[in-house]
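Index from 1, following the sequence.
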Amino acid sequence: MALTGRVIRVLVVDDSAVARSYIISGLSARTRIEVVGYAINAADAQRKVQELRPDVMTLDVEMPDMSGIDLLKKMLPVYQVPVILVSSLNLRVFDALGAGAVDFVRKPDGSQSKDEFITTLSQKIVVAAYAKVRPSAPARAVQTVVTPGAVPLLGPKLTLDQAVIGLGASTGGTEATLEVMKRLPADIPPMVIVQHMPVGFTKMYAERLDRLCAMEVREAVDGDELHRGLALVAPADFQCRVVRIGNRYRVSCKPGDKVSGHRPSVDVLFQSMADSVKGKMAGVIMTGMGHDGSDGLLAMRKAGAYTIGQDKESSVVYGMPMVAFDIGAVQIQASCENIAGVLLRYLKSL
């Protein structure tokens, strides 16, 4: 996806005068960003969005009169402005993403400088300006794939050495990945997931998936053994690889340089699978800006993997899956709602 050099008009929403001040001053120093206004609470934000029609809005999750989540549910069906959440380490950020926010950054807490925070926020604002806004749909029950006592959908013939699944995503991926995971059965072959997000949030994200999905999901720890019914989320700020020891697979989660601009990197995960997995494997690349994962997915396909890319229509940002498709790494494209079905058809054929 080519990004033009147009100036992006931003509305800053935060009830803290201190936070507003450093966000506004920091963003105003960026050449591609113009802060067109600010709002001090949800009601003020609704008025300012209607009046100023910004390209992107930054939003504090926790506000006194109305939470950012409630604001999104009320505002986005009417004004589909891309929203970047600015949040402390708080589980509610995932509820806000579910309500239609595009992405989020972690508020400075001493672990990073304000300059690093502004740089990250600026980058996400540029991406968000080109993202599709998807307001939350009315809540509906999710059908359980495997009911108690039912015969596993994948059947007894599928063993550990026959399949390992890798999935990578970035902007828009927290909810898109959930759409895939909640449609998969409890006895799914082992999965390893790379989702670009700040330190501290990958553990909470894994816990959220664990609550909402049939399989066990947890944040990966170096040395974890892969097994059927387990999905591991790569921890933020570590490179995550699949390694083979004898006839078993484990994950290696180690510090390391950024690859394709990220740590963890989807490319690192996928390349490790291409190198280490000797049985069947599948790779799924989903919504996100940039090219992380494309080279690794191509290596997987050349090594015999079945590869799936999210389609343009359902991607919040059709960047990573587009690059992968363009270089021949993707065998089949599908919407995030249909990827699980495509994957299950492949697994049932083994």
Side-chain angles (χ1 to χ4, degrees), residues 89 93-94 97 103-106 111-112 116 119-120 123-124 127 164-178 180-181 190-210 217-226 230-244 249-277 281-300 305 307 309-310 316-317 319-321 323-324 329:
L89 189 60
V93 72
F94 296 112
L97 290 167
D103 207 342
F104 70 101
V105 294
R106 183 174 179 175
S111 62
Q112 68 170 170
E116 290 173 323
T119 296
T120 301
Q123 292 169 344
K124 289 181 181 289
V127 173
V164 178
I165 304 165
L167 186 151
S170 189
T171 307
T174 56
E175 294 307 300
T177 298
L178 172 60
V180 174
M181 299 289 286
M191 297 184 68
V192 184
I193 300 164
V194 168
Q195 167 66 54
H196 300 153
M197 63 177 60
V199 173
F201 285 92
T202 46
K203 185 174 188 295
M204 292 193 301
Y205 181 58
E207 291 169 350
R208 181 172 186 254
L209 290 178
D210 187 61
V217 187
R218 52 185 165 86
E219 185 184 49
V221 174
D222 184 47
D224 274 347
E225 185 174 299
L226 302 184
L230 173 66
L232 295 174
V233 176
D237 214 28
F238 288 84
Q239 294 295 9
C240 185
R241 296 172 172 87
V242 172
V243 296
R244 185 180 178 94
Y249 297 116
R250 295 182 183 272
V251 290
S252 167
C253 302
K254 305 287 188 184
D257 294 336
K258 290 184 177 182
V259 175
S260 304
H262 297 281
R263 185 176 54 238
S265 163
V266 185
D267 270 326
V268 168
L269 171 64
F270 285 174
Q271 184 63 58
S272 74
M273 292 180 63
D275 295 339
S276 299
V277 177
M281 58 179 164
V284 182
I285 191 163
M286 302 191 69
T287 175
M289 177 59 68
H291 60 85
D292 187 27
S294 57
D295 290 341
L297 194 69
L298 182 59
M300 285 184 68
T307 59
Q310 187 173 353
V316 172
V317 179
M320 287 163 45
V323 175

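- Salt-bridge annotation for Arg244 and Glu225: absent, with no side-chain N of the basic residue lying under 4.0 Å from a carboxylate O of the acidic one.
- Once rounded to the nearest 0.5 Å, the distance linking CG of Leu178 with CE of Met181 reads 8.5 Å.
- Between Met273 and Val192, the closest side-chain pair of non-hydrogen atoms is not below 4.5 Å.
- Between the side chain of Ser265 and the backbone N or O of Ser260, no donor-acceptor pair lies under 3.5 Å.
- A 4.5 Å side-chain heavy-atom check between Lys203 and Arg218 finds every atom pair outside the cut-off.
- Heavy-atom minimum distance, Thr202 versus Ala236: OG1-N, 3.2 Å.
- In this structure, a donor-acceptor pair under 3.5 Å is absent between the side chains of Thr287 and Gln310.
- Contact annotation: the side chain of Lys254 approaches that of Asp222 to within less than 4.5 Å [non-hydrogen atoms, C-beta and beyond].
- In this structure the side chain of Phe104 reaches within 4.5 angstrom of the side chain of Met197, judged on heavy atoms.
- Between Asp257 and Arg263 there is no salt bridge, since no side-chain N of the basic residue sits under 4.0 Å from a carboxylate O of the acidic one.
- A donor-acceptor contact shorter than 3.5 Å links the side chain of Arg250 to the backbone of Gly223.
- A donor-acceptor pair under 3.5 Å links the side-chain atoms of Arg106 to the main chain of Val199, judged by distance alone.
- Not a single donor-acceptor pair under 3.5 Å links the side chain of Thr307 to the backbone N or O of Leu297.
- No donor-acceptor distance shorter than 3.5 angstrom exists from the side chain of Ser170 to the backbone of Met289, with no hydrogens or angles considered.
- With values rounded to the nearest 0.5 angstrom, Thr119 atom OG1 is found 12.5 Å from Lys124 atom NZ.
- No side-chain donor-acceptor contact under 3.5 Å links Thr177 to the backbone of Thr174.
- At least one side-chain heavy atom of Gln239 sits under 4.5 Å from a side-chain heavy atom of Val259.
- In summary, of the residues considered (Ile165, Val243, Val277, Val164), a side-chain contact (heavy atoms from CB on, under 4.5 Å) with Leu226 occurs for Val164 alone.
- Atom-to-atom distance recorded for Asp275:CG and Met300:CE is 11.0 Å, nearest 0.5 angstrom.
- Shortest non-hydrogen contact noted between Val268 and Cys240 is CG1-O, 3.8 Å.
- Here the side chain of Asp224 pairs no donor or acceptor atom with the backbone of Val251 at under 3.5 angstrom.
- Residues Thr171 and Met320 form no side-chain contact, since every pair of their non-hydrogen atoms from C-beta on lies 4.5 Å or further apart.
- The two atoms that bring Pro264 and Pro235 nearest to each other are CD-O, 3.7 Å, heavy atoms only.
- Summarising the geometry of Asp210 relative to Val217, their closest heavy-atom pair is OD1-N, 2.9 Å, with the distance given to 0.1 Å.
- Distance OH/Tyr249 to OG/Ser272: 11.0 Å, rounded to 0.5 Å.
- Using modelled atom types, one finds no donor on one side chain facing an acceptor on the other under 3.5 Å when comparing His262 with Asp267.
- Rounded to the nearest 0.5 angstrom, Arg208 CZ and Phe201 CZ are separated by 12.5 Å.
- Side-chain contact between Phe270 and Met281 is absent, with no heavy atoms from C-beta onward closer than 4.5 Å.
- Annotation for Ile285 and Ser294: closest pair CD1-N, 4.0 Å, computed over non-hydrogen atoms.
- The shortest distance between side-chain heavy atoms of Val284 and Met286 falls below 4.5 Å.
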